[in-house]
Amino acid sequence: MSTTTTSSHTPFAITERTQRASADEIATVLENPGFGTNFSEHMVLMDWDREQGWHDARVVPYGPIPLDPSAAVFHYGQEIFEGMKAYRHEDGTVWTFRPERNAERFNNSARRLALPELPPVIFLDAIKELVTIDQAWVPEAGSGETSLYLRPFMIATEEALGVRPTNRALFVVIASPAGAYFKGGLTPISLWVSELYVRASPGGTGAAKCGGNYAASLASQAEGIEHGCDQVVFLDAIEHKFVEELGGMNMFFVYGDGRLVTPELTGTILPGVTRSSLVELARERGMIVEERQFTIDEWREGVASGLITEVFACGTAAVISPVGRLAWNGGEVAMPDSHEVTMSLREELLDIQYGRGEDAHGWLYQLV
Ligand SMILES: *Cc1c(COP(=O)(O)O)cnc(C)c1O
């Protein structure tokens, strides 16, 4: 069945799956959704080429995307992505959090990777279309921290091995019901300090959300896991002493005197939406937030002296994760056991996202 919707700013041609999943089938998946392993029934596709610009917005059944083996993305890694969540509220409505930020960041990433920018209104409409048709895949309110994770991405599709910015691209949005990100629930995570590798360097792609950054982080992630850690914390590429971030999360340090420190955005750190939201929430509750350079020694000494009382990492997927241990080649240090500020900031943010608290900043955006 094919229909076109004009309910949004962008007309999407809609091809619905002929056989929709039953309520029982969906319920079985939502009982134990995992993270990023199950997908909803549809996806959004939209083409771009240099002559026509963006065209052919469509919603189609979820499935493989045919691509020529010479498509540029396979060879030179021209790919960018975003990560967002759709949250169901108690009254059944479905919302997402600050999606304009993601749309804007998507375009910043596009510019850095020489991909075409996508008008933010199309980005927002695409998400709305997908969540509308697959709304049964958004877990019920009150089921803890479950959501429908949204993954917009863009790839270079031009069939040519020549090295140059692509003349053709594909924008895609897929959706995946999500439970808690870390398997151990809220068990504090352990971090490995990578001395062999860096994530990003000045002038590089660290501030862009692109698959290449993740590809480059996997060897160090494997090294961290070999050393019994959950994640890797990356230092700056020049002096190897400033704390930057994890492979996919920003870092915060809580001081007993009410200060909150997070590494400043120097161009090598991904500007997280969660990060900037927490900076605002913390300032509003009277904390002094310092966005500045922060060294690994300051971290170790701050924990040893007791000045640092809590450490946490944050991002859309995992929300806020307390850090329990820092390990490196030749040593390790346990973080303090308190997670009071961490957990209360976490609660405040989740309350806004799930509609349990007041959305004083207008951060929520209704999808259904
Ligand atoms: C996506 C991402 C984050 C977190 O960003 P949010 O907008 O908060 O989800 C942090 N660091 C990296 C490297 C990322 O890719």
Side-chain angles (χ1 to χ4, degrees), residues 35-36 77 79-87 96-110 112-113 120 123 127 145 147-154 176 178 180-182 189 191 194 197-201 204-221 224 230-237 242-252 262-282 289 291 294 311-321 323 342 345-346 348-350 352-353 361 363-365:
F35 189 87
E79 187 265 359
I80 58 170
F81 69 94
E82 272 302 325
M84 310 152 72
K85 281 176 172 174
Y87 310 92
T96 190
F97 186 73
R98 310 186 79 180
E100 318 80 20
R101 290 295 190 106
N102 299 87
E104 186 187 328
R105 188 169 69 188
F106 198 56
N107 281 339
N108 292 338
S109 302
R112 182 63 186 84
L113 274 286
F123 183 96
I127 281 156
E145 287 171 21
S147 61
L148 184 64
Y149 184 80
L150 304 170
R151 170 54 60 87
F153 64 100
M154 193 197 299
S176 174
Y181 186 77
F182 288 106
I189 55 171
L191 301 180
S194 181
Y197 303 108
V198 294
R199 192 194 80 92
S201 53
T205 56
K209 211 167 172 74
C210 62
N213 289 340
Y214 281 73
S217 77
L218 295 177
S220 35
Q221 178 68 24
D230 303 303
Q231 300 264 317
V232 169
V233 55
F234 291 99
L235 304 180
D236 77 285
F242 298 110
V243 175
E244 299 219 305
E245 59 173 320
L246 310 189
M249 284 194 279
N250 297 116
M251 292 289 312
F252 279 91
T262 188
E264 69 179 316
L265 302 175
T266 51
T268 52
I269 293 177
L270 198 286
V273 177
T274 316
R275 175 191 179 282
S276 80
S277 306
L278 290 174
V279 165
E280 277 193 58
L281 293 179
V289 183
E291 297 183 67
F294 183 82
V311 180
F312 66 85
C314 71
T316 297
V319 197
I320 290 181
S321 297
V323 173
T342 303
L345 281 170
R346 188 172 198 280
E348 186 176 353
L349 184 59
L350 284 170
I352 295 172
Q353 292 171 333
H361 308 85
W363 282 344
L364 293 182
Y365 179 93

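What's counted below: heavy atoms across the whole structure, side chains too, no hydrogens, waters or symmetry copies. Each ligand, and each atom within it, is numbered from 1 in the order the structure gives.
- Ligand 1 has Gly247 within reach: a non-hydrogen atom of the residue lies less than 4.0 Å from it.
- By the 3.5 Å distance cut-off applied to N or O atoms, Arg199 is not counted among the residues near ligand 1.
- Checked by atom type, the side-chain pair Arg98/Ser277 shows a donor-acceptor distance below 3.5 Å.
- Taking OG1 from Thr268 and CZ from Arg199, the interatomic distance works out to 7.5 Å, rounded to the nearest 0.5 Å.
- Closest approach of Lys85 to Thr316, counting heavy atoms only: NZ-O, 3.0 Å.
- Protein heavy atom nearest atom 8 (O) of ligand 1, with residue, atom name and distance: Thr274 OG1, 2.6 Å.
- Looking at Lys209, Glu82, Met251 and measuring to atom 1 (C) of ligand 1, the nearest heavy atom belongs to Lys209.
- Checking only distances, Ala317 never comes within under 3.5 Å of ligand 1, N or O to N or O.
- The shortest N/O to N/O separation between Asn250 and ligand 1 does not fall below 3.5 Å.
- Distance from atom 3 (C) of ligand 1 to its nearest protein heavy atom, with residue and atom name: Gly248 O, 3.3 Å.
- Nearest protein heavy-atom contact of atom 15 (O) of ligand 1 is Tyr214 OH, 2.5 Å.
- In this structure, Phe252 has its ring center at least 6.0 angstrom away from the ring center of Phe294.
- With a 4.0 Å cut-off on non-hydrogen atoms, Arg101 does not touch ligand 1 at all.
- Contact detail for Pro99 and Trp363: the closest heavy-atom pair is CD-O, 4.5 Å.
- Put simply, OG on Ser109 and CG on Asn213 are 9.0 Å apart, with the number rounded to the nearest 0.5 Å.
- For Phe97 and Tyr365, the distance between ring centers is not under 6.0 angstrom.
- A pairwise comparison of heavy atoms in Leu113 and Ala208 identifies CD2-CB, 4.0 Å as the closest pair.
- Atom 11 (N) of ligand 1 has its closest protein heavy atom at Glu245 OE1, 2.5 Å.
- With hydrogens left out, the protein atom closest to atom 9 (O) of ligand 1 is Thr316 OG1, 2.6 Å, a heavy atom.
- Ion pairing between a basic and an acidic side chain is recognised when a charged N comes within 4.0 Å of a carboxylate O; Glu82 and Arg105 show such pairing.
- Of the protein's non-hydrogen atoms, the one nearest atom 5 (O) of ligand 1 is Gly272 CA, 3.4 Å.
- Atoms of ligand 1 found under 4.0 Å from any heavy atom of Arg105 (numbered from 1 in listed order, with element): 5 (O), 6 (P), 7 (O).
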